There are 2 protein chains.
Amino acid sequence: MTIHDVEFPLAQPVSPLGTKERLIAAALSLFQAKGYHGVAISDILEATDLPKGSLYHHFPGGKEELAIAAVGFIADEVDARLASEFAKNKRAGAVLLDLAHECVNWLRRSDYTQTPLLGLLAASPGESALTQAICDAQKRWLARFEAALGGTEDAHDKACLALASLEGGISLARMARSSDLLIRSVTLAALHINQR
Amino acid sequence: MTIHDVEFPLAQPVSPLGTKERLIAAALSLFQAKGYHGVAISDILEATDLPKGSLYHHFPGGKEELAIAAVGFIADEVDARLASEFAKNKRAGAVLLDLAHECVNWLRRSDYTQTPLLGLLAASPGESALTQAICDAQKRWLARFEAALGGTEDAHDKACLALASLEGGISLARMARSSDLLIRSVTLAALHINQR
DNA sequence: GCCCCCCTAGACCGTACGGTCTAGCGTTGA
DNA sequence: TCAACGCTAGACCGTACGGTCTAGGGGGGC
């Protein structure tokens, strides 16, 4: 037994993420940058430095199954984030602004190539399971805001404005390569949402 | 000379639109439904019942040049519409709501397959001319709202919110297959924009 | 020490994509 | 009547895509 066996046991991969997770992470990042149809399987394999066999082993359904997993991942991520923020009794406007700021970091870090949420993925085939997954994610996020805003009819309206200003603002900011546009629209929306 | 020569002169095409216009219209419609990468040249040819030669004669630059033309078309269309509405001294919120209602008709007519504005087209390659064209369109629309709102710093914020709520609302509504979400978010945004 | 099985590895396949090229039709002007 | 040209027509090409399949590598259980 050498020191290597202790410090870097071979059974544990070098990367802390498993193969499946790495595939999901790379796929999500690419889909957010170029949309579903804009990404080739080979792009994902190149990004992860993995062979085709691995991908089709973990995702027998191929590209679409991987995309659905990626959507599910980001959906859970954001949903959990919203849940924990709202659990602190934070006001909805403040949570929205926080989320927007995180999106800004995301945009800047990727030099405005990535779309932080699901905006680009929407360019998916009509009645597919992928569309359904995206739809579910949006519903969950909407429901979080709605519940935090009191569950009234007015709360539903405000929740819609919150998500719309976020997704729309991201789109504007990405195109203009200026996070300003996102901050401006979301700040205004947050203002409106916070008033009784 | 027969009656046919008078009633249906051969020189005039059956369709009121020229070949180039038909290509642009079909391309725009398809791109709005499936995004740039989701549409094949053959889809456009099938929709117009035109051969490849015609497309590459009118658009030597191929798919991207056609897409840029389509973006320019919708950009001009919306820009002109905004200009004429604002020329009547209509309030910005009212104009925004009108535009949203037209988008709703668009969504319904296409059974929620199309994205009325440019949201989906954004899934384009990074630094291409197409991205630039989309960016220009958004800038022009933003400027229209900004000018109508007085050109102040606050006006810029409100213009951002207007476009963001519109684009974001469209995205929400399309996924949920319910125009409600668009109307709700835009109504709330319009309310905020109209107050001094 | 052996086998078994999970996962990696990548050659391979059919297809459909974007784009090119030449032929020919029909209208226009002389 | 004919020449010239704008546009249509579609066969054709190289490539890159999504997906399949078989072989092999390497730990873990016995």
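Residue numbering restarts at 1 for every chain, and letters A, B, ... go by the order of the sequence lines. Just so we're clear, the structure is a prediction, and the values are computed from it rather than from any experiment.
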Length of the line joining [X]:[atom1] and [N]:[atom2], which is rounded to integer Å:
X       : N      : atom1 : atom2 : value
B/Tyr56 : D/dA11 : OH    : P     : 17 Å
B/His37 : C/dC17 : NE2   : C1'   : 13 Å
A/Phe59 : D/dT20 : CZ    : P     : 15 Å
B/Ile41 : D/dT15 : CD1   : P     : 19 Å
A/Lys52 : D/dA16 : NZ    : P     : 13 Å
B/Leu50 : D/dA9  : CG    : C1'   : 10 Å
A/Leu45 : D/dA16 : CG    : P     : 16 Å
A/Leu55 : D/dC21 : CG    : P     : 16 Å

Donor-acceptor contact below 3.5 Å, side chain B/Ser110 vs main chain B/Gln114: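 A pair under 3.5 Å: yes.
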Residues that A/Ser185 engages under side-chain contact (heavy atoms from CB on, under 4.5 Å), provided they are two or more places apart: B/Cys160, B/Leu161, B/Ala164
Can a side chain N or O of [X] be found less than 4.0 Å away from OP1 or OP2 on [N]?
X       : N      : result
B/Thr19 : D/dC7  : no
A/His58 : C/dT8  : yes
B/Ser42 : C/dA16 : no
B/His57 : D/dA9  : no

Atom CG of A/Asp111: over 12 foreign heavy atoms under 6.0 Å: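 Buried by this count: over 12 neighbours within 6.0 Å.
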Test: A/Lys34 cationic atom under 6.0 Å from B/Tyr36 six-membered ring centre, within 45° of axis: no
Earlier contact from the 5' end, DNA chain D, for B/Gly53 and A/Lys63: B/Gly53
Nearest-nucleotide pick for A/Ala40, side chain only, options being C/dT20, D/dC17, C/dT8: D/dC17
Any residue meeting ring pair (Phe, Tyr, Trp, His ring centres under 6.0 Å) with A/Phe86, in chain and number order, not counting sequence neighbours: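 If we apply the ring pair (Phe, Tyr, Trp, His ring centres under 6.0 Å) test to A/Phe86, skipping adjacent residues, the hits are A/Phe145.
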